[in-house]
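Throughout, a chain's letter reflects where its sequence line sits, starting with A, and its residues are numbered from 1.
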Amino acid sequence: MAKNLVIVESPAKAKTIEKYLGKDYVVKSSFGHIRDLAKKNLGVNIESDFRPVYEVDPEKKKLIAELKKAAKTSDTVWLASDEDREGEAIAWHLSEALKLDPEHTKRIVFHEITKTAILNAIENPREIDYNLVDAQQARRVLDRLVGFELSPLLWQKVKPSLSAGRVQSVSVRLIVEREEEIENFQSTSLFKVTGIFTTADNKSFSAELSTKFKTKEEATAFLEDCKTANFKISNITKKPSKKSPPAPFTTSTLQQEASRKMGYSVSKTMTLAQRLYESGKITYMRTDSVNLSDLAINMAKDEIISQWGADYVKTRKFKTNSKGAQEAHEAIRPTQLNKHTVGGDAGQKRLYELIWKRTIASQMSDALIEKTVIDIEIDNNKYKFIANGEVIKFDGFLTVYNVSTDEEDAEPSTNNKILPAVKEGDALQPNGIVAIQRFTKHPARYTEASLVRKMEELGIGRPSTYAPTISTIQKRGYVVKEEREGVLRDYIELSLKGNELKENIKSEKTGYEKGKLFPTDIGILVNKFLIKYFDDIL
DNA sequence: CAGTGAGCGAGCTTCCGCTTGACTT
């Protein structure tokens, strides 16, 4: 008979911990929450001080009985749920539902699944924190009241089976309001001028004019000037700069990167991550923490040294930027950092490699970059051309990880390139100067992943609910994820080659969208309804 | 007389956050 029963939330976690604790400990799992507000009716007794009415989910009855039995035959029960609001409540619900004897019950917490952390936790038990429990109960009751007061109004006024709540309704509102911004957006156009210049030893590079012209007439006048102009390098500045690696993954940043780099929906990412977690390849995947255990940092260090040498190591501790973070776990990382890849299907493989690279990169040196700016003076004109160059002096973390951004700027950038060796005073030959009409862009529509980022920023939802919430608002028909064809738009291109100035009308596709979230009519209607009546209802 | 249709009443939907499977495709 085991002397000790440890209860955690996740069965995968239970398996790992059992290995660390040895024979005297049996580790079982609660599979998350074990009780919740009554499903029928409000589940909150408003007359009696808003007292919550809890009931055990019928599907959990068997589990509770099992845990009860295990508790009875143990000397000590260790409640080891997560150290956050929900975890503390789970510990309390367990102690209530299992009718645990306080004399033989201990509450322990750890933020990483390592042997030292677990043993240390066992050495330092504490009591259940009732402030946290009450905070959770208040959160739960408020969500129920809001959801179960608002939703029936929608059934009555709009359509049956609709829903409203603290998280989903705000998410829909973000999408509706973004669409309004886009509808009201007035696009204006500017002429952007780019020149190709050739040095005396026949090397070419491009440079952008320091201003953009509002009208075709201004742009034409400028190009006319250029016909007779002389171009000369008036200034060169070189500035060292550096890039630092991003923090290890949280749920939300993993969802964003997997979406940007692999095009995965947030639910696909979470399903793959769950598989990797269950097979022991990665740490817990629902986390808001960017923290790595010392063990992980040391593993990363060894791995970096053996692959790239000591120059590439720079261990770091990252701090969370998100306000609501509860940091009950580590960041998402491989459990073994010397494993570059894993078996399993292609999706799991790719996601694992992404996590591995991000984790390793986070403990690597900064990339050292030299930025060069070349000013090109025009002798008959007040404007100047500017060429920006960037040379990587030391790649550091960039050797494994490229940082991606949301900007889907189709414009070929004149940045990030290598410039030829030149010196101040050098004369340059123009080899084609082009003024292209460019249009200002409306704000971008949300993708699933960029919506998650916004939600996290606003403190709406939790790592465990981002994916389900996004699926709910689609299931209710408030928003749709769609691909929409773009339309053709004409633009003017003025090009100066030698002494010849040509005007062309060209056309380009604009407004093509893929995987973006659009509000539906019902989404817009419900949003309007809620905004109008919210104050009266609650 | 058999089949149709209008009208009525009862019962259901719903929140957020913690967990996996059990289901389909």
Side-chain angles (χ1 to χ4, degrees), chain A residues 7-15 28-44 52-54 56-57 59-60 62-64 67 79-94 97 132-133 135-172 251 267-268 270-271 273-279 284-288 324 326 328-329 455 459-473 475-478 526 530 534 537-538:
Chain A
I7 305 177
V8 296
E9 292 174 40
S10 146
K13 207 177 185 179
K15 226 169 75 189
K28 290 194 176 289
S29 152
S30 74
F31 293 80
H33 274 294
I34 52 154
R35 300 198 303 190
D36 192 14
L37 296 179
K39 266 201 164 55
K40 290 193 175 178
N41 307 322
L42 199 52
V44 180
V53 181
Y54 292 114
V56 174
D57 184 324
E59 292 192 350
K60 292 245 160 158
K62 214 177 125 196
L63 172 75
I64 297 283
L67 290 175
L79 299 173
S81 45
D82 298 343
E83 184 170 38
D84 56 20
R85 207 185 297 141
E86 299 297 324
E88 203 67 24
I90 288 174
W92 174 72
H93 278 299
L94 280 168
L132 264 183
V133 173
Q136 193 275 347
Q137 296 198 88
R139 197 278 304 152
R140 182 68 191 91
V141 166
L142 277 170
D143 281 339
R144 171 57 69 89
L145 291 176
V146 171
F148 277 35
E149 289 292 332
L150 290 180
S151 300
L153 274 174
L154 295 178
W155 307 340
Q156 205 186 323
K157 303 282 181 196
V158 186
K159 196 176 120 176
S161 305
L162 291 178
S163 62
R166 172 177 58 87
V167 171
Q168 58 172 292
S169 297
V170 180
S171 305
V172 172
T251 303
S267 67
K268 174 163 187 180
M270 292 314 283
T271 308
Q274 178 81 27
R275 298 281 163 275
L276 290 169
Y277 169 67
E278 283 167 5
S279 55
Y284 197 57
M285 65 284 153
R286 290 183 279 264
T287 175
D288 52 21
Q326 306 202 19
H329 305 92
M455 289 166 68
I460 307 166
R462 300 281 308 138
S464 67
T465 61
Y466 296 138
T469 300
I470 280 172
S471 111
T472 297
I473 60 178
K475 220 178 342 183
R476 298 276 182 273
Y478 294 146
V526 166
L530 290 174
F534 186 83
I537 299 161
L538 291 175

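- In this structure, NZ of A:K39 is placed 17 Å from C1' of B:dG11, rounded to the nearest angstrom.
- Judged by distance alone, with hydrogens and angles left aside, the side-chain atoms of A:S81 form no donor-acceptor pair with the main-chain N or O of A:I90 at under 3.5 Å.
- Considering only heavy atoms from C-beta on, A:Q136 stays 4.5 Å or farther from A:W92 through its side chain.
- Regarding A:L42, its CG atom lies at a distance of 15 Å from the C1' atom of B:dT13, rounded to whole Å.
- Residue A:S163 places its side chain closer to B:dC15 than to any other of B:dC15, B:dC18, B:dG17.
- At distances below 3.5 Å, at least one donor-acceptor pair connects side-chain atoms of A:D57 with backbone N or O atoms of A:E59.
- The number of heavy atoms from other shown groups lying within 6.0 Å of NZ (A:K60) is above 12.
- Nucleic acid contact for A:R85: none, since no nucleic acid atom lies under 4.0 Å from a heavy atom of the residue.
- The interatomic distance linking A:Y54 (OH) with B:dG17 (C1') rounds to 12 Å, in whole Å.
- Contact annotation: side chain of A:R462 to base of B:dC16, donor-acceptor pair absent below 3.5 Å.
- Among the protein residues, A:G87 comes within range of no part of the nucleic acid, since none of its heavy atoms lies under 4.0 Å from any strand.
- Across all strands shown, A:Q136 has no heavy atoms under 4.0 Å from either base or sugar-phosphate atoms.
- Distance CG (A:L79) to C1' (B:dC18): 15 Å, rounded to an integer number of Å.
- In this structure, A:G32 reaches the bases: a heavy-atom distance under 4.0 Å links it to at least one base atom across the strands shown.
- In this structure, A:D143 places its CG atom 11 Å from P of B:dC15, rounding to the nearest Å.
- We find that the ring of A:F148 and the base of B:dT14 stack, their centres lying under 5.5 angstrom apart and their planes tilted less than 30°.
- With B:dG17, B:dT20, B:dT14 as the choices, the nucleotide that has an atom nearest any side-chain atom of A:R286 turns out to be B:dT20.
- Ranked by how close their nearest DNA chain B nucleotide is to the 5' end, A:K159 and A:E9 are led by A:K159.
- Side-chain proximity of A:E278 to B:dC16, B:dC15, B:dT20: nearest is B:dT20.
- When rounded to the nearest whole Å, the span between NZ of A:K60 and C1' of B:dT20 equals 8 Å.
- By the 4.0 Å N-to-carboxylate-O rule, A:R139 lies close enough to A:E86 to be salt-bridged with it.
- In this structure A:S10 satisfies the side chain to side chain contact (heavy atoms under 4.5 Å, CB included) test together with A:A12, A:K13, A:Y277, sequence neighbours excluded.
- Residue contacts shown for A:R275 are absent, as no nucleic acid heavy atom lies under 4.0 Å away.
- A:S151 comes within 4.0 angstrom of a nucleotide base, judged by non-hydrogen atoms across all strands.
- Among the protein residues, A:S10 comes within range of the sugar-phosphate backbone only, with heavy atoms under 4.0 Å from sugar or phosphate atoms but none that close to a base.
- Residue contacts shown for A:Y277 are limited to sugar-phosphate atoms, with no base heavy atom under 4.0 Å away.
- Using a 4.0 Å heavy-atom distance criterion, A:P468 is classed as making no nucleic acid contact.
- Within the cation-pi definition used here (under 6.0 Å to the ring centroid, within 45° of the axis), A:R476 does not qualify as a partner of A:Y478.
- Mapping A:M285 and A:G165 onto DNA chain B by nearest heavy atom places A:G165 closer to the 5' end of the strand.
- Summarising the geometry, the separation between CG on A:D36 and P on B:dC16 is reported as 12 Å, rounded to the nearest angstrom.
- OP1 and OP2 of B:dT14 both lie 4.0 Å or more from every side-chain N or O belonging to A:S161.
- Closest to the side chain of A:R166, out of B:dG17, B:dC15, B:dT14, is B:dG17.
- Across all strands, A:A89 comes closer than 4.0 Å to no nucleic acid atom at all (heavy-atom distances).
- Residue A:R476 has its side chain nearest to B:dT14 when only B:dT20, B:dT14, B:dG17 are considered.
- Whole-Å rounding puts the A:E149 CD to B:dC15 P distance at 14 Å.
- Note on A:L162: only backbone sugar-phosphate atoms sit closer than 4.0 angstrom, heavy atoms only; bases stay farther off.
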